[in-house]
There are 2 protein chains.
Amino acid sequence: MSDSVPESTRQTLDRLYEDPENRLTSLFELAPDDEQVDAQLGVFKALANEHRIRILEALKEGELCACELQVVLDAPQSTVASHLRELKDAGLVKTRRQGKWTYYRIGDTAALQLLEIAHALAAGT
Amino acid sequence: MSDSVPESTRQTLDRLYEDPENRLTSLFELAPDDEQVDAQLGVFKALANEHRIRILEALKEGELCACELQVVLDAPQSTVASHLRELKDAGLVKTRRQGKWTYYRIGDTAALQLLEIAHALAAGT
DNA sequence: CATACATATCGATAAAGGCCGTTTTAATAC
DNA sequence: GTATTAAAACGGCCTTTATCGATATGTATG
């Protein structure tokens, strides 16, 4: 493990701590596994777009079909469709097909919690 | 307001609802204001990066200096510095300078809540 | 002052993401 | 079958973000 640490960083740690080897080890132990980070990353990437946030906010009140979301976003059909696809892939929305319409709804209430907490966090800054 | 709605969308709504004008109005009322969306967007953009997620996870246990975070991320100094800058700008971390070291810490416990909820959400999908 | 070192910023390049016209698919009605 | 229409997928173009070497800034120490 220690071999992967650049020499310059090692020297820095040598100066900072009495037992740099131990410190290195505990720093690496802080690292979450790749799967967890990938999962979190997928969620945050899906939320990191204005249109997608607006879609979720609109779905708070209940399901809407894609054509209604076009009205809410005031954007072209293909643009809205691709954002809906991303939200669905991320598990943030679920769909229900009825005839030629596809209805979208919040897939998990945790999605709404994320929106609320982010709002509160930004407001308190 | 209605003038901004494309004719094709209006026709769709005409077919869907008895009172399309009313429906249009209520759809627009669902839209949150720009300030709120911008605030949420800022938070989620800051979280939408693997390195930045790893930094926050590492800071769960307490403050770390930039040089220690270089070890955790195993990335060049300038790369780490720019991610730290973004996290600070977003209000997710705060800093404390001591001599030539800058110590970083979680700026708001809401940041940790976001990480946890995102993890749980992805796990349940 | 000069030197050393941690951190921050700059700038050029590379990679990722978003936009949207067009085309295709799927469902319905005639 | 054909026509219509909502939604999804494709593809080229453009904007944004990430990376990282080089340079600058700030803070000690001698």
Check: So, for A:Leu121 and B:Ala90, which heavy atoms are closest and what is the spacing to 0.1 Å?
Finding: CD2-O, 4.4 Å
Next item on the list: Quickly work out the A:Asn49 CG to C:dC19 C1' distance and round it to whole Å.
Entry: 11 Å
Next item on the list: Name every residue in residues 82-94 of chain B that has at least one heavy atom under 4.0 Å from any atom of DNA chain D, in order of residue number, or write none if there are no such residues.
Entry: B:His83, B:Glu86
Next item on the list: Examine C:dA6: is either OP1 or OP2 under 4.0 Å from a nitrogen or oxygen in the side chain of B:Thr102? Give yes or no.
Entry: no
Note to self: Tell me the interatomic distance from B:Gln70, atom CD, to C:dC5, atom C1', rounded to whole angstroms.
What the structure shows: 12 Å
Margin query: With a 3.5 Å cut-off and heavy atoms only, can you find an N or O donor on one side and an acceptor on the other between the side chain of A:Gln77 and the base of D:dA6?
Written below: no
Notebook entry, point to check: Could you give the CG-to-C1' distance, from A:Leu64 to D:dA7, as a whole number of Å?
Noted result: 15 Å
Margin query: Output the rounded distance in Å from CG (B:Leu73) to P (D:dA18).
Written below: 13 Å
Next item on the list: In whole angstrom, give the distance that lies between atom NE2 of A:His51 and atom P of C:dG18.
Entry: 11 Å
Which protein N or O atoms sit under 3.5 Å from an N or O of nucleotides 26-30 of chain C?
none

Next item on the list: Find the distance A:Trp101:CH2 to D:dA8:C1' and express it as a whole number of Å.
Entry: 17 Å
Note to self: Would you compute the distance between atom CG of A:Leu112 and atom CG of A:Leu59 and round it to the nearest 0.5 angstrom?
What the structure shows: 9.0 Å
Next item on the list: Find the distance A:Leu41:CG to C:dA16:P and express it as a whole number of Å.
Entry: 12 Å
Item checked: Sole residue of B:Arg96, B:Lys94, B:Arg97 in salt bridge (charged side-chain N to carboxylate O under 4.0 Å, His left out) with B:Glu63 -> B:Arg96
Note to self: In the structure I gave you, are the side-chain heavy atoms of B:Arg54 and A:Asp34 within less than 4.5 Å of one another anywhere?
What the structure shows: yes
Check: Base, sugar-phosphate alone, or nothing: which one does A:Ala66 contact when heavy atoms must sit under 4.0 Å apart?
Finding: sugar-phosphate
Next item on the list: Search all heavy atoms of B:Arg52 against all heavy atoms of B:Ala46 and return the closest pair with its distance.
Entry: NE-O, 2.7 Å
Margin query: Let me test you: for the helix from C:dC1-D:dG30 to C:dC30-D:dG1, what is the angle between the axes at its two ends (five pairs each), rounded to 10 degrees?
Written below: 30°
Check: Does A:Asn49 reach the side chain of A:His83, with side-chain heavy atoms less than 4.5 Å apart?
Finding: yes
Next item on the list: Considering non-hydrogen atoms only, spot the tightest contact between A:Ala118 and B:Val43 and give its length.
Entry: O-CG2, 3.8 Å
Notebook entry, point to check: So what does B:Ser78 hit on the nucleic acid, given a heavy-atom distance under 4.0 Å: a base, only sugar-phosphate, or nothing?
Noted result: base
Check: Are any non-hydrogen side-chain atoms of A:Asp89 and A:Arg85 less than 4.5 angstrom apart?
Finding: yes
Item checked: Upstream residue (5' side of DNA chain C) when A:Lys45 and A:Pro76 are each assigned their closest nucleotide -> A:Lys45
Check: What are the two closest non-hydrogen atoms of B:Leu115 and B:Ile53, and how far apart are they?
Finding: CD2-CG2, 4.1 Å
Notebook entry, point to check: Taking all non-hydrogen atoms of both residues, which atom of B:Ala48 and which atom of A:Leu41 are closest, and how far apart?
Noted result: C-CD1, 3.5 Å
Notebook entry, point to check: Side chains of A:Ile55 and A:Leu73: closer than 4.5 Å at any heavy-atom pair?
Noted result: yes
Notebook entry, point to check: Given atom OH of A:Tyr104 and atom P of D:dA6, what is their separation to the nearest angstrom?
Noted result: 14 Å
Item checked: Close side-chain approach of B:Val80 and B:His51, heavy atoms under 4.5 Å -> no
